[in-house]
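This report refers to the structure that appears directly beneath it.
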Amino acid sequence: MSHTNSMTKVDRRDAKLAMAHIYVAFISLLLGGLAGLLQVFVRSGQFTLPAGIGYYQVLTVHGVLLGLILTTFFIYGFQIASVSRTSGTFTASQRRLGWIGFWLMTIGTAASATMVLLNKATVLYTFYAPLKAHWIFYLGLTLVVVGSWVGGAGQILRYVQWRKENKGSGQRSPLLSFMVVVNNLMWFVATLGVAASVLIQLLPWSLGLIERVDVALSRTLFWYFGHALVYFWLLPAYMVWYVIIPKVIGGKIFSDSLARLSFMLFLLFSIPVGIHHQLTEPGIDGTWKFIQVVLTFAVIVPSLMTAFSMFAMFELRGRELGGKGLFGWFKKLPWKDARFFVPFIGMVAFIPGGAGGIVNASYQMNQLIHNTIWVTGHFHLTIATAVVLTYFGAAFWLIPHLTGRTLTKSLNNLSNFAGILWATGMTIMSSAMHIAGLIGAPRRSDYSEYGGASQAYDWIPYQIAQAVGGTILFIAILVIMYIVVKLAWFAPKGEEEFPIGDVHELSGPTPAILENFKVWLVILVALILFAYTVPIIDIISNSPAGSKGYQLW
Ligand code: HAS
Ligand code: CU
């Protein structure tokens with residue numbers, strides 16, 4: 001892979017575009033993290049919010065800023081830098097698309113956030129009907145989505161340009177750029193669902209143009225998007241695991257074909273599975289729920305392939321360094337290097353996080369955990385540990401790479417410390433959430449003693465544990481913000497590398513079919529039509545009159 005050795009210095013203009021996204025991401029982290037801290041305090045029963053601020057308002061701030069804004073902006077910052085690094089500097093027009101996208105997303109975020117802060121949009125991060133927000137909230141989200149299309153198109157065009165320039169060279173396209181394109185295509189197809197719901201239902205409804213909306217349809221369109229959303233978060237973390245970590249540990253990418261195949265499987269199976277979020281819902285036939293459960297089990301496969309590939313990569317490297325015996329290689333890994341260690345904590349968290357997901361997806365078992373705080377525990381292990389610790393681990397070299405500074409030894413050590421703090425806080429908080437969920441504690445619920453019901457008292461010790469864990473997590477966020485500010489403005493000038501792994505010699509040639517996007521997109525469309533046509537026809541033809549909407553806050 002010759003392209004990996006050249007182009008180590010980033011183009012200043014591309015760096016600026018990437019950094020703009022990363023700033024918004026980390027401001028969201030701070031504010032969203034603060035909201036999280038307030039929530040665990042409220043739910044401990046020891047604290048009431050001042051100034052008439054509502055619990056659900058804070059919960060909306062938390063979910064929107066961390067689940068939607070931090071993620072999307074960090075992902076785009078990382079992806080822009082990745083494409084620029086592996087396919088080459090953006091052209092002026094591609095970069096312009098990046099900036100237009102950035103500003104649309106930023107203005108949209110500001111508009112939506114304003115409505116939430118004014119308490120006009122306390123509809124949680126999932127914002128489906130029948131909760132009804134102010135129209136500016138939906139318009140803001142539309143701008144975020146449209147902005148992401150424009151910015152994403154810029155990244156894809158750079159990749160297309162690479163393919164044109166290297167046509168007939170026999171080379172496979174740069175793996176990291178390829179992965180970015182897969183993630184963006186998945187995002188485009190998935191956001192069509194949420195765009196349809198916002199444009200046809202929520203926006204006209206909140207403007208008073210239509211009186212009622214079909215709730216089941218709104219939820220179904222949201223979850224068509226909502227499950228792929230979680231993989232839109234995950235795939236950039238997998239990019240780091242597959243492509244960056246091998247270089248950081250001095251090893252090699254285990255297999256180029258395996259990596260590409262796993263991404264293509266995500267493209268196929270991320271979307272036709274959304275109904276696993278609606279397994280307890282009326283109005284969708286059990287057969288179709290079961291079919292989407294089966295498809296959900298298919299989307300577990302590329303994660304298992306990833307786990308396999310990570311173990312193989314670690315073991316090969318550890319043995320190369322002289323690790324002996326069954327587990328001797330493990331000790332040889334560069335434990336002190338934050339670029340490896342912080343994402344590694346994320347990988348470890350993904351083992352229980354993913355296992356919990358398999359429980360959730362197991363049709364009957366879903367009845368036990370649905371709408372309990374177990375689910376909150378699940379996604380704090382997946383998105384809020386596996387994924388974001390990987391993002392942070394990447395930010396610790398990416399920010400100095402983009403700003404022309406270096407990750408010093410002391411900042412590196414502080415990063416490891418933040419990772420350990422995060423792991424500690426999250427272990428406490430998410431274990432308590434899982435257990436409390438199993439004994440029935442609801443998610444998305446303000447503190448309540450439920451009229452003195454004895455079961456509700458059993459939950460309280462776990463809610464206090466959540467407050468302890470959440471406080472540790474907030475301290476970790478403060479440490480991370482300090483590191484980010486240092487890396488962006490104060491760390492010593494220098495050149496921090498953007499690590500890109502080479503493929504292992506044992507990995508055979510990559511079949512051309514893996515780069516044939518047309519084939520995979522056709523299968524994707526077929527799968528979506530198969531999984532969703534009948535359920536959506538059923539919903540449209542059998543639903544009751546629809547809802548006028550509620551404002552429960
Ligand atoms: Fe999930 C609910 C099923 C993965 C996020 N999920 C959620 C929600 C969120 C979320 C946010 O089927 C709540 C949505 C809401 O607000 O209502 N989830 C799954 C399944 C997977 C899964 C089957 N989820 C994720 C990921 C997320 C995420 C990833 C974010 C990034 N989830 C569900 C279901 C629900 C759900 C139901 C609905 C529940 C309900 O009723 O409401 C799978 O993708 C998981 C596969 C993963 C694995 C793990 C592989 C392990 C790896 C690590 C290797 C480690 C190494 C380190 C190498 C099989 C790759 C080794 C070192 C050592 C020391 C050992
Ligand atoms: Cu899901």
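Keep in mind the model is a prediction, meaning the values are calculated, not measured. Atoms within each ligand, like the ligands themselves, are counted from 1 in listed order.
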Between Tyr238 and Phe266, does the ring centroid distance fall short of 6.0 Å? yes
Any atom of ligand 1 sitting under 4.0 Å from a heavy atom of Ile351? yes
Classify the side-chain pair Arg444/Thr126 by whether it contains a donor and acceptor separated by less than 3.5 Å. yes
Under 4.0 Å from any heavy atom of Gly354, which atoms of ligand 1 are there? 45 (C), 47 (C), 48 (C), 49 (C)
Assess the pair Phe392 and Phe74: is the distance between their ring centroids shorter than 6.0 Å? no
Option set Phe222, Tyr231, Phe330, criterion heavy-atom distance to atom 21 (C) of ligand 1, minimum: Tyr231
Geometry at the Cu ion (ligand 2) - His227 ND1 versus His276 NE2 angle, rounded to 10 degrees: 100°
Under 4.0 Å from one or more heavy atoms of Asn366, ligand 1 contributes atoms 39 (C), 40 (C), 41 (O)
Step by step, work out the ring pair (Phe, Tyr, Trp, His ring centres under 6.0 Å) result for Phe340 and Trp335. CA-CA 7 Å; Phe340 161 72; Trp335 297 107; 5.2 Å; yes
Subset of ligand 1 atoms that lie under 4.0 Å from at least one heavy atom of Ser303: 46 (C), 47 (C), 48 (C), 50 (C), 60 (C)
Taking atom NE2 of His434 and atom CD1 of Ile369, what is their separation to the nearest 0.5 Å? 9.0 Å
Looking at atom 12 (O) of ligand 1, what's its closest protein heavy atom, distance included? Ala361 CA, 2.9 Å
Under the criterion ring-ring contact (aromatic ring centres under 6.0 Å, His included), which of Tyr224, Phe225, Trp223 is the partner of His277? Trp223
Enumerate the atoms of ligand 1 whose separation from the nearest heavy atom of Val387 is less than 4.0 angstrom. 31 (C)
Please work out whether any backbone atom (N, CA, C, O) or any side-chain heavy atom from C-beta onward of Val375 is under 4.0 Å from ligand 1, and answer side chain, backbone, both or neither. side chain
The Cu ion (ligand 2) has as its nearest N, O or S atom from His277 the atom NE2
Within 4.0 Å of some non-hydrogen atom of Phe350, the atoms of ligand 1 are 29 (C), 47 (C), 49 (C), 50 (C), 51 (C), 52 (C), 60 (C)
Considering only non-hydrogen protein atoms, determine which one is nearest to atom 61 (C) of ligand 1 and report residue, atom name and distance to 0.1 Å. Phe311 CZ, 3.3 Å
Under 3.5 Å side-chain donor-acceptor pair for Ser507 and Asp256: no
How about Trp422 and Phe417: are their ring centres within less than 6.0 Å of each other? no
Provide the atom name of the closest N, O or S atom of His378 relative to atom 1 (Fe) of ligand 1. NE2
Any idea which atoms of ligand 1 are less than 4.0 Å away from a heavy-atom of Tyr125? 11 (C), 14 (C), 15 (C), 16 (O)
Does any donor atom in the side chain of Asn183 or Gln79 lie under 3.5 Å from an acceptor atom in the other side chain? yes
Looking only at the aromatic ring of each residue, does the gap between the centers of Tyr56 and Trp553 stay below 6.0 angstrom? no
Looking only at protein heavy atoms, which one is nearest to atom 13 (C) of ligand 1, and how far off is it? Phe379 CD2, 3.4 Å
Would you say Phe344 contacts ligand 1, with heavy atoms under 4.0 Å as the rule? yes
State whether Glu320 and Lys332 are salt-bridged, where the test is any N-O pair (Lys NZ or Arg NE/NH1/NH2 against Asp/Glu carboxylate O) under 4.0 Å. no
Distance from atom 53 (C) of ligand 1 to nearest protein heavy atom, with residue and atom: Met347 O, 3.5 Å
With heavy-atom distances below 4.5 Å as the criterion, would you say the side chains of Tyr125 and Leu59 are in contact? no
Will you find, in the side chains of Thr296 and His276, an N or O donor that is under 3.5 Å from an N or O acceptor? yes
Between Leu304 and ligand 1, which residue portion shows a heavy-atom distance shorter than 4.0 Å: side chain, backbone, both, or neither? side chain
Counting each atom of ligand 1 from 1 as listed, which ones have a heavy atom of Gly357 under 4.0 Å away? 3 (C), 18 (N), 19 (C), 20 (C), 23 (C)
Measuring from atom 17 (O) of ligand 1, which candidate in His380, Arg443, His370 has the nearest non-hydrogen atom? Arg443
Tell me whether His227 has at least one N, O or S atom under 2.8 Å from atom 1 (Fe) of ligand 1. no
Under a 4.0 angstrom heavy-atom cut-off, which atoms of ligand 1 come close to Met310? 58 (C)
Quiz item: cation-pi between Arg219 and Tyr128, 6.0 Å / 45°: yes
Residue and atom name of the nearest protein heavy atom (relative to atom 26 (C) of ligand 1), distance in Å to one decimal: Thr382 CB, 3.6 Å
Would you indicate which of Ile369, Leu368, Asn360 comes nearest to atom 37 (C) of ligand 1 when only heavy atoms are counted? Asn360
Should the proximity of Trp223 to ligand 1, defined as any heavy atom under 4.0 Å, be assigned to the side chain, the backbone, both, or neither? side chain
